[in-house]
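First listed ligand is number 1; within each ligand, the first listed atom is number 1. Keep in mind the model is a prediction, meaning the values are calculated, not measured.
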Amino acid sequence: MSVLAFRPIQFCGCSESRKSPLFSYGHRNPQGLAFGENGTLYEAEHGPATDDELNIIQAGGNYGWPRVAGRIDEKNYLYINWSEAPEDVSENADPLPDSVPQFPESTFEGDMVEPLATYFTVDDDYPIGQICGYICDPTIAPSSILPYTAGEDGIAEWDNSVLLTTLKHGTLYVQHLSDDGTAAVGDPVAWLSTQNRYRDVLIGPDNRVFIATDAFGSAAQKFGDGLNTSILHNPGSILLYTYGEEGGSDLGLTRSSQTVEEARAAGTASNNPKEFEDPNTGKDAATGETEAVTAESDVAQVAARGGPQFAQTCSTCHGPAGRSDAAAVLAGNEKLADAAYVATTVVHGFGYMPAFGSQLSDTEIAEIGTYIRNSWGNDYGVLTTGDVTETR
Ligand code: HEC
């Protein structure tokens, strides 16, 4: 069950003289909003851990959040009103005591606009958060949407659909619609999947498909043994695919006949236009170049090896000088004195700090850890390969 805190929504019963601009409500983290050709307004939003939604927006519609995630199906979601909970109850308490007000989805009152589709609803026994953190949860994290009709010369296989770019799987999903556009037909089909986070899609003249990618963040790993990664293959880029005759496009807009379930299963390399090597996977095992960091290693030498790796892997969030608004400040940070804390943070991640355990070797983490523990006012000695091995 998701355990989340929120405040009640205020629906403005405003007078004529103070009209509210509120058009619809009960949304959770909507990122995609676009009109279809016939004037239907579509919207996509992120669910908590299950139940991303594709909706049609209606004036005055209540879409259920925070009482309902996806449909009213009592699956994997309870509304918990922490503002009415006793102060001494931890949000991690399991099971939650009855003194914390909890509401199953069926307690929703009034009319709710049902989603067109949910991505994805799973049963209560799905191990939310336990497979590889949120990247392995059933949500796909839709960013933008593009309602699409092919017309005479368009991409026939995508005719009458909503295209959804998604963050977690670097995939363009094609959700087919009924003829009148008011119902989803089948599961979405996965196309053009790469190890990236997709933000937006646009189809230009000549059926060129442009996809914008995030500069950093976590995504499903397509190459390598891990499930999630923060190594993006085309960070901060616009990708271009050209739709051609069957198999005739050298940029390889290749159709995936995979269902989303299949695409989500370990690695979706088969529908990738281009094979990449994950630059950080098993690097030292392959080359044998790096030597283990031990308590006797020279701090300055190890830090010098870690510096460039920090710049490549960590500085987008933490800033090149260990200081940024986007992540914890590492400069002058006393927590870094604790070697085990640094090792476990980098291997396993927490909150929005991604886990690097599957992409970096123990020695690489030791080198980066040594660099951050001895830069920008920090002076805490080496982080050893052994420290990292112990935390796995
Ligand atoms: C996608 C952005 C991102 C990347 C990339 C990233 N971090 Fe972080 N890191 C964070 C965030 C955000 C936090 C704070 C997490 C929180 O409080 O929820 C954090 C926390 C940390 C902490 C704990 C600091 C503290 O005060 O508790 C350490 C240590 C750390 N990161 C090291 C690294 C290292 C080393 C790398 C590269 C291997 C790295 N991070 C890459 C976002 C990132």
Should Val342 be listed as contacting ligand 1, given a heavy-atom distance under 4.0 Å as the test?
-> no
Between the side chain of Glu74 and the main-chain N/O of Glu105, is any donor-acceptor distance below 3.5 Å?
-> yes
May I ask you to say whether Asp123 pairs ionically with Lys75, meaning some side-chain N is under 4.0 Å from a carboxylate O?
-> yes
Do side-chain atoms of Ser193 reach the backbone of Thr171 as a donor and acceptor pair under 3.5 angstrom?
-> no
Restricting to heavy atoms, the pick from Ala343, Gly351, Ala311 nearest atom 18 (O) of ligand 1 would be Gly351
Report yes or no: does Ser144 contribute a side-chain atom to a donor-acceptor pair with the main-chain N or O of Arg199 at less than 3.5 Å?
-> yes
Can you pull out the closest protein heavy atom to atom 29 (C) of ligand 1? Residue, atom name and distance to 0.1 Å, please.
-> Leu336 CD2, 3.7 Å
Where the side chain of Asp159 meets the backbone of Thr149, is there a donor-acceptor pair that is under 3.5 Å apart?
-> no
Counting only protein N, O or S atoms and ignoring waters, those under 2.8 Å from atom 8 (Fe) of ligand 1 are His318 NE2, Met353 SD
With respect to atom 26 (O) of ligand 1, which of Asp214, Asp338, Asn333, Ile372 exhibits the smallest heavy-atom separation?
-> Asn333
Residues Trp65, Tyr77; criterion ring-ring contact (aromatic ring centres under 6.0 Å, His included); working and verdict | CA-CA 11 Å; Trp65 185 259; Tyr77 181 71; 5.3 Å; yes
Closest to atom 15 (C) of ligand 1 among Phe356, Tyr371, Phe216, Phe350 (heavy-atom distance) = Phe350
With a cut-off of under 6.0 Å to the ring centre and 45° to the axis, is Arg208 in cation-pi contact with Tyr241?
-> no
Side-chain heavy-atom pair Arg197, Thr165 within 4.5 angstrom cut-off | no
Tyr148 and Trp158 aromatic ring geometry - parallel, tilted or perpendicular at 30°/60° bounds | perpendicular
Before signing off on this row, confirm whether Lys335 and ligand 1 have an N or O atom pair separated by under 3.5 Å.
-> yes
Just which atoms of ligand 1 are under 4.0 Å from any heavy atom in Ile368?
-> 35 (C)
Is ligand 1 under 4.0 Å from a heavy atom in the side chain of Tyr341, in the backbone, in both, or in neither?
-> side chain
Could you tell me which non-hydrogen atom of Gln195 sits nearest to which non-hydrogen atom of Thr229, and how far apart they are?
-> NE2-CG2, 3.3 Å
